[in-house]
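Okay, so here's the structure we're looking at.
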Amino acid sequence: MSAKSKAKGVEVAFEDYGTKPVPVEKTRNWFDMGIVIWGISVCIPAFMLGGIAASSERLGIAILAVVVASAILTLISLATGTLGAHTRMSTAMSSKFTFGLQGNILMSILLFIGTFGWFGVQLEVFGQAVQGSVGILANGAAIPRWLPIIGGGILMTLTATYGFKAIEKLSVIVIPILLVLLIATLVKAFAGVSLAEVFGKRPAQVMPLGVLISAIAGGYAVGAVIQPDITRYAKSKGHASGGMVFGMMIGFPLVLIMAAFLFAASGQAQFADVMLAYHRGIWGIFALLVIVLATWTTNDNNLYSAALAFNSMLPKVKKWVLTIIGGALGTILALFGILGQFMNWLIILGVTVPPIGAVLAVDFLLFRSDQYRFDNLEKQPAVQVFSLLSWALGTAVGFLTFYRV
């Protein structure tokens, strides 16, 4: 095989349509959309959200908060997901219609930093969880922190490099395994605990229901904004909507509710501690497997979306090249402890990114849907002033609300 043929083979294998619409013949059904969202939902931060809910209210109220927050996120995802199915382009590319060809640069930077930052943060959290779990399973024997971070970084970068097709296949394989392992853990957790006892527990410090709903919805708001990165592969708007309902209204709350039950029954504060409290020996390996697979199916999506946002700013560079570069840099940041340095910035992104989705959805659904076509992209103005002002106003209100100024 010639060098030219090999290069062409690499391009075909890694083609993920970073700066152009996904071809109709490559699109997928609602189940493929939804199962990817399930894969994103099953992660250590989601388990932590479930734990926060269980430790902040009685379990019945916590479940209600999860259901309401999931309904809010589903509505946002339906709006943004429909946009992705319409343009068949990524969030960052689609937002060029909304904010203008140059005005979109700021939005792409925010989307990139947000998703790339989460990749580094989750990779570091993953490294800590694996290191601690191995220490418990091996009776105090330690592994170096860098080992799971580098190993996890390679796995997650590999999947993200191949793009949606690899992420979807991984989710189809992994989600059933994770659900079986989580259900097995739930059965063990409730072996000596009654449901009445768990539902009757009242936390020492109760969080108001509205605040709890906001905390849960806010924890996944960025994910709801970037749904076009997934639904650009949808066969139709109907398949995109079906995937959003399947993933966000069923998968996401199911994961959080299972986590809430586990935390309520065990009283543990960390997910790794919860899993290992009920699993020893060979089951301990399965508990460790949950931590690895749960992070893998989520964090590859963070890097995938980061590369798409970056690709919209550097269209001449292949997306798979940007993915590998991003994965390497994110792994290095995790090794150097991005978690302690980045959390405040992630809070800021939590205020600035959701208004992007709001302006995208309103502009597309109510005003200019006829403009959102790839063949019309280069005709867009450099800056859509009204959209930028709307985003700025939404961000300002978010900061005022968050900091209670």
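Along the sequence shown, residues are numbered consecutively beginning with 1. Any value given below was found using the heavy atoms of this structure, including those in side chains, with hydrogens, waters and symmetry copies removed.
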If we only count heavy atoms from C-beta on, is the [X] to [Y] side-chain gap below 4.5 Å?
X      : Y      : result
Thr331 : Trp146 : no
Phe374 : Thr87  : no
Thr98  : Phe364 : no
Leu262 : Thr185 : yes
Met107 : Leu388 : yes

Between Trp320 and Tyr162, is a ring-ring contact (aromatic ring centres under 6.0 Å, His included) present by the stated rule, with each step listed? CA-CA 7 Å; Trp320 65 269; Tyr162 277 96; 9.7 Å; no
Stepwise side-chain contact (heavy atoms from CB on, under 4.5 Å) test for Leu59 and Phe261: CA-CA 8 Å; Leu59 192 55; Phe261 271 102; 3.5 Å; yes
[X] versus [Y], closest heavy-atom pair with distance:
X      : Y      : answer
Ala307 : Leu322 : O-CD1, 4.3 Å
Ala306 : Phe116 : CB-N, 3.7 Å
Gln227 : Met248 : NE2-SD, 4.0 Å
Leu308 : Gly18  : CD2-CA, 3.8 Å

Run the ring-centre check on Trp30 versus Phe246 and record whether the distance is less than 6.0 Å.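 Yes - the distance between ring centres of Trp30 and Phe246 falls below the 6.0 Å cut-off.
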Any residue meeting salt bridge (charged side-chain N to carboxylate O under 4.0 Å, His left out) with Lys319, in chain and number order, not counting sequence neighbours: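 For Lys319, the residues satisfying salt bridge (charged side-chain N to carboxylate O under 4.0 Å, His left out) (neighbours in sequence not counted) are Asp16.
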Suppose we screen for salt bridge (charged side-chain N to carboxylate O under 4.0 Å, His left out). Which residues come up paired with Arg28, at least two apart in sequence or across chains?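 With sequence neighbours excluded, Arg28 shows a salt bridge (charged side-chain N to carboxylate O under 4.0 Å, His left out) to Glu168, given in chain and number order.
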